[in-house]
Each structure stands twice: as C-alpha cells, then as structure tokens.
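First the structure, in the form of structure tokens, and then the observations on it.
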Amino acid sequence: MLQRIYGTSWASQKDLDEYLKRIEEAEKRDHRKLGREMDLFHFREESPGSVFWHEKGWKLFQKLVTYMRDRQNKAGYKEVNTPEILDRALWEKSGHWEKYGEHMYTSQTPDKKIFVIKPMNCPGHVQVFNQGLKSYRDLPLRISEFGKVHRYEPSGALHGLLRVRAFTQDDAHIFCTEDQITEECLIVTNLILDIYKDLGFENVILKYSDRPDLRVGDDGVWDKAEKALLDAVKASKLEYTINKGEGAFYGPKIEFVLRDAIGRDWQCGTLQVDLNLPGRLDASFVDNDGTKKVPVMLHRALFGSLERFIGILIENYAGKFPFWIAPLQVVVIPISEEFDAYAKEVNEKINDVGMSSEVDLKNHNLNYKIREHSLSKIPLLLICGKKEVDSNSVTIRRLDTNKQENMELNLFLEKFSALNKASSN
RNA sequence: GCCCUUGUAGCUCAGCUGGUAGAGCAAUUGAUUUGUAAUCAAUAGGUCCGCGGUUCGACUCCGUGCGGGGGCACCA
C-alpha cells in the first residue's frame with residue numbers, strides 16, 4: 001500500500017508562527033466563507049458547481065456586468081445574445097464534440113433530437129457573423145455576449161466560485177483580417193489591464209503559449225499570430241512565462257492569471273488567435289480585391305468567468321470592496337426610535353441618488369449595530385441622532401476606522417454619489 | 001474521475017466504550033430607547049446527509065450513494 005505524507009518544515013519557531021499566521025489570514029479571506037457570512041451566494045447538493053446568487057451577490061455581479069458593458073461599448077463591441085442550446089450537429093461541425101463531448105451537457109427533446117447546452121459562445125457568434133455578406137470594411141467586427149455556459153467539469157475539480165460547472169463569460173469574438181491581428185491584440189491587452197487596475201489588480205501574471213506540434217493553419221499565419229500576441233505581452237511590461245508548444249491546435253494564446261488568497265493561480269482573462277473555427281463554420285468576407293476570404297477570429301474574455309472573477313475579487317479585498325462595487329454601500333442607523341423617521345428619510349435620499357442603502361430600525365443599541373454592520377463589511381455607516389436631525393446632517397463612520405465625521409446631508413449625497421463609479425470612468 | 005479526509009440547529013462546534021441529542025452566537029417574543037465593535041430575559045429551533053446492514057437498541061459500528069475540504073489529473 002502506498003501512503004502519501006505531506007509536511008512542511010521551518011528553520012525556526014518564528015518562521016513557523018509566521019506561516020501559521022499567513023494560513024489563518026488566508027482562511028479569513030476565503031471567498032466561500034465570506035460568501036456565506038456576507039450573504040452573497042450559496043451552493044447546494046442538487047446542483048454541484050452551480051451558484052445560487054443571493055440578492056447582494058447578484059447586485060455585485062450586476063455591477064460588474066454594467067461596468068464591463070460600458071467599457072466594451074466604449075471599445076466598439078456589439079453586444080448580442082445567442083441560444084443556450086444548439087443542435088449537436090453544430091458542435092460536431094465545429095470540432096468541439098469530438099474533443100470535449102465528454103464534458104458537455106446535452107438535452108434530448110421529445111422528438112429525439114440532441115441539443116448541446118452551450119459550453120462556449122463561439123459557434124453562436126460565428127452564426128451571427130455569417131448573417132449577411134460581410135465586407136473587409138466591416139472588419140474588425142467585435143461581437144460580445146454575457147453568455148452563460150455549462151461544462152461538466154470533473155467532480156474533483158470543483159472549487160467554490162473559482163471552478164464551477166455553470167458560469168457567465170464576458171465573452172467576445174473579434175473577426176478581423178490577418179493584418180489586423182497585431183493591433184487588435186494590443187487593444188485587448190490594454191483593455192484587460194486597465195480594467196483589472198480599476199478592480200484593484202496591479203499584479204497580473206501573463207502566460208503565453210505558442211504553436212503545438214499538432215496544429216492547423218499554415219506557418220506564415222502562425223508567425224504573424226504569435227508575434228502579435230507576444231508583442232502584446234511585452235507591451236504590458238508585466239511578468240510573463242512562455243509555455244512552449246502549449247497553444248491550442250487552432251492558434252496561440254495568452255492567459256491573464258490572478259492569484260487567490262492562498263497563492264493559487266487562476267486563469268481569468270484570455271486572448272486567443274483562432275485560425276481554424278471561422279473556416280470550419282463557413283465564415284467569410286469579401287476582401288478589397290473582390291475575392292472571398294476567411295477571417296481570423298480572436299477569442300477574448302476579460303473577467304473570464306464572472307463567477308471566478310468575483311471569487312478572486314472577494315479574496316483580494318477580503319470582502320471589503322471599494323465603495324463603488326460594494327453591493328450594500330450604506331447602512332443608516334438611528335440612535336433610538338425617536339430618530340427612525342429621519343433615518344428613513346436619509347436612507348431614501350441616498351437610494352434616490354443611485355447608491356444602495358438600508359436603514360437599520362432593529363431594537364438593538366448603537367454598539368451592537370456598529371459591530372454587526374462592520375462585521376458584514378458595509379463601507380459606510382451613517383449615524384442619526386438629535387445632533388444630526390437638528391443640523392440636517394449625518395455622522396459618517398467608515399469601515400475599519402473609529403473616526404467620526406459629520407457632514408451636511410446634501411453635501412454627503414453629492415460627494416458620495418460622485419465616488420460611486422470606477423476610477424477610470 | 002483518482003487518493004486522503006469530512007458531513008450533528010441558520011453559523012461555529014460538544015456528544016466517553018452503542019441506550020433516539022446539547023452549548024454559544026444568530027432567529028422570534030417581551031422589557032430596555034440606547035452617541036460609535038456584543039443590554040437583559042424568555043421562547044422556538046434537529047429524518048444527527050440519503051439508503052441498506054449488524055444489534056433488543058445506531059448520531060455512534062459496517063457497506064454503499066451523494067455533498068464538502070486538501071491534493072493529483074483535467075480546464076474549449
């Protein structure tokens with residue numbers, strides 16, 4: 001019988017203590033624990049690897065989608081929506097059925113047809129591209145979708161929000177000419193890094209994978225595609241690794257990797273050049289010489305999986321989100337029943353200007369409420385008592401400080417609604 | 001999927017060698033009306049993950065299924 005033994009060893013008690021402390025800190029940041037404590041989401045046996053989003057978690061999710069949609073609109077993407085289930089025949093034609101069929105969910109209709117519950121959005125996007133005759137003047141054409149995909153991942157691979165069986169991709173496919181690959185790759189890379197910065201990630205690890213032995217497409221185009229991607233990687237000036245020969249059979253790729261609380265790496269964003277699928281699914285455009293050509297397709301996802309990204313985001317901030325993405329930003333606390341009416345009025349005004357606020361009218365004292373809402377990581381607590389009512393103001397207590405700051409209510413509304421968006425906007 | 005491990009109240013956990021469960025917090029109700037991190041009291045809350053087996057008797061022992069955790073493999 002073979003027995004595997006794990007262990008760690010340390011030069012001194014001090015090193016060991018530091019190690020244990022680090023583990024303890026990491027456990028506090030664990031998104032599964034915080035997800036429960038902060039009432040963001042849960043999982044159930046009935047659907048392993050699929051998220052039940054609660055109100056606050058879903059609000060966070062929606063905020064990220066809204067933010068991304070805005071960034072993508074500004075970057076020239078056309079948002080579409082494609083079917084959740086598509087005939088198996090399409091997946092056979094694309095080549096996915098043969099390679100990943102084992103990991104696909106399928107659904108049989110009463111008339112005995114087999115439909116695949118989509119594990120990716122690309123075949124759907126090619127169908128949209130194929131509608132109508134496309135000219136070289138239409139390129140680059142950037143088609144995006146917040147597409148929910150299902151993949152039957154091995155049970156042992158599941159891990160909270162970081163590895164699930166149903167997830168939402170901020171997916172897009174850029175149809176372009178070979179000459180446009182370089183510029184488009186640079187634009188995508190810059191967009192990803194800019195967005196990650198807005199969300200507090202400065203240390204992104206890039207992994208670049210080039211041509212494998214078994215591949216499609218001619219070497220001239222591979223040369224172009226690889227150079228374009230590598231240039232994009234270099235331009236980022238970030239740490240990167242080269243995984244020789246580990247690209248997809250259809251093209252080279254970059255992975256944008258973020259790290260969780262205990263140091264595990266997770267691929268979030270990705271950028272891949274595809275020299276195969278457009279041809280297999282009959283995509284074409286009329287070039288300036290009047291001939292039909294097959295476009296190159298770039299697959300890209302910025303967050304990658306919304307679910308995974310949120311998991312990492314929770315761990316990165318230890319649940320203490322920046323004001324603009326916190327799902328519940330403000331809790332208004334009256335000192336006693338006497339001030340309930342004022343607190344309600346304050347709460348309403350805050351919600352009216354687009355922040356999310358709740359008022360805590362429960363029968364508990366101030367100390368108790370401050371403790372509760374601090375533990376649930378609400379960025380701002382507004383205390384309302386006699387002083388505030390008399391001066392039409394609020395007393396602000398920010399998360400993780402015990403300083404108090406009194407502010408006239410209208411000034412508060414003005415100041416904080418201005419802070420209610422990402423720094424780059 | 002594989003190896004190891006684990007499953008008791010909403011949460012965190014007790015429950016000795018088998019005799020059908022208990023605490024703290026949360027919840028509910030009442031009292032208190034509180035000025036910056038836990039006011040007091042009462043009440044309620046459980047198919048001990050599911051299914052089989054052993055036994056007079058199973059939360060406890062055995063088998064099996066499902067889920068969780070850590071690793072491995074996988075990750076379009």
Side-chain angles (χ1 to χ4, degrees), chain A residues 1-6 23 27 30 32-33 35-39 42-50 91 94-104 116 118-123 147 149-160 162-165 167 169 171 173 207 246-251 253 255 257 262 264-268 270 272 274 276-277 299 301 304-305 308 331 333-340 361-378 381-389 394-406:
Chain A
M1 185 181 138
L2 274 176
Q3 174 86 44
R4 197 190 307 236
I5 311 270
Y6 295 95
I23 298 282
E27 277 172 8
D30 190 313
R32 294 163 296 192
K33 184 177 155 71
R36 188 175 52 242
E37 289 174 359
M38 298 174 73
D39 194 17
H42 83 277
F43 289 92
R44 292 186 59 79
E45 265 184 47
E46 289 85 346
S47 189
S50 294
W91 303 96
S94 73
H96 292 109
W97 181 262
E98 194 191 351
K99 201 162 159 56
Y100 293 108
E102 297 275 287
H103 298 279
M104 288 180 184
V116 170
K118 68 176 174 182
M120 54 197 316
N121 306 298
C122 11
V149 296
H150 289 74
R151 298 175 182 180
Y152 185 71
E153 303 287 10
S155 58
L158 301 180
H159 184 91
L162 303 184
R163 188 77 183 271
V164 289
R165 284 180 174 161
F167 57 100
Q169 291 181 312
D171 205 1
H173 295 89
K207 293 186 181 169
E246 297 205 3
F249 72 94
Y250 53 74
K253 66 175 174 185
E255 292 169 30
V257 173
I262 62 169
R264 279 183 288 213
D265 285 346
W266 299 91
Q267 179 203 306
C268 291
T270 182
Q272 303 169 13
D274 188 341
N276 177 56
L277 199 61
H299 304 243
S305 146
R308 174 178 291 178
V331 171
I333 306 174
I335 294 274
S336 75
E337 269 175 20
E338 196 185 330
F339 312 107
D340 281 5
L361 302 176
K362 279 201 282 257
N363 183 13
H364 278 125
N365 62 28
L366 182 59
N367 279 341
Y368 182 91
K369 290 182 182 180
I370 286 184
R371 181 182 154 81
E372 282 297 287
H373 299 302
S374 297
L375 287 175
S376 59
K377 302 173 174 53
I378 308 301
L381 302 182
L382 300 188
I383 317 300
C384 298
K386 181 161 186 350
K387 201 170 74 188
E388 289 75 17
V389 171
V394 290
T395 294
I396 305 165
R397 181 184 166 123
R398 291 168 195 258
L399 185 57
D400 280 340
T401 72
N402 49 19
K403 276 186 293 186
Q404 299 162 48
E405 185 187 352
N406 187 262

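All chains are named by letter (A, B, ...) in the order of the sequence lines, taking the proteins before the strands, and each is independently numbered beginning at 1.
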[X] near the nucleic acid: base, sugar-phosphate alone, or nothing, with a heavy-atom cut-off under 4.0 Å?
X: A:H103; value: base
X: A:K386; value: base
X: A:R44; value: nothing

Practice task
Verify the stacking flag for A:Y100 against B:A76: centroid separation must be under 5.5 angstrom and the ring planes must differ by under 30 degrees.
Solution key: yes
Practice task
Indicate whether OP1 or OP2 belonging to B:U39 is found under 4.0 Å from a side-chain N or O atom of A:N365.
Solution key: yes
Practice task
Using the P atoms only, state how far B:C61 lies from B:U43, rounded to an integer number of Å.
Solution key: 34 Å
Problem - Polar pair under 3.5 Å, donor/acceptor by atom type, side chain A:E45, base B:G50 - result: no
Handout entry: Donor-acceptor pair (no angle test) under 3.5 Å: A:R163 side chain, B:C74 base
Key = yes
Completion exercise
By side-chain contact (heavy atoms from CB on, under 4.5 Å), A:I335 pairs with (sequence neighbours left out) A:F339, A:L366, A:I383
Exercise for the section: Only counting residues at least two apart or in another chain, list the ones meeting side-chain contact (heavy atoms from CB on, under 4.5 Å) with A:K253. Expected result: A:S209, A:E255, A:Q272
Problem - Note, A:E338 side chain near A:K386 side chain (heavy atom, < 4.5 Å) - result: no
Completion exercise
Of B:G70, B:U39, B:U34, the nucleotide closest to the side chain of A:N367 is B:U39
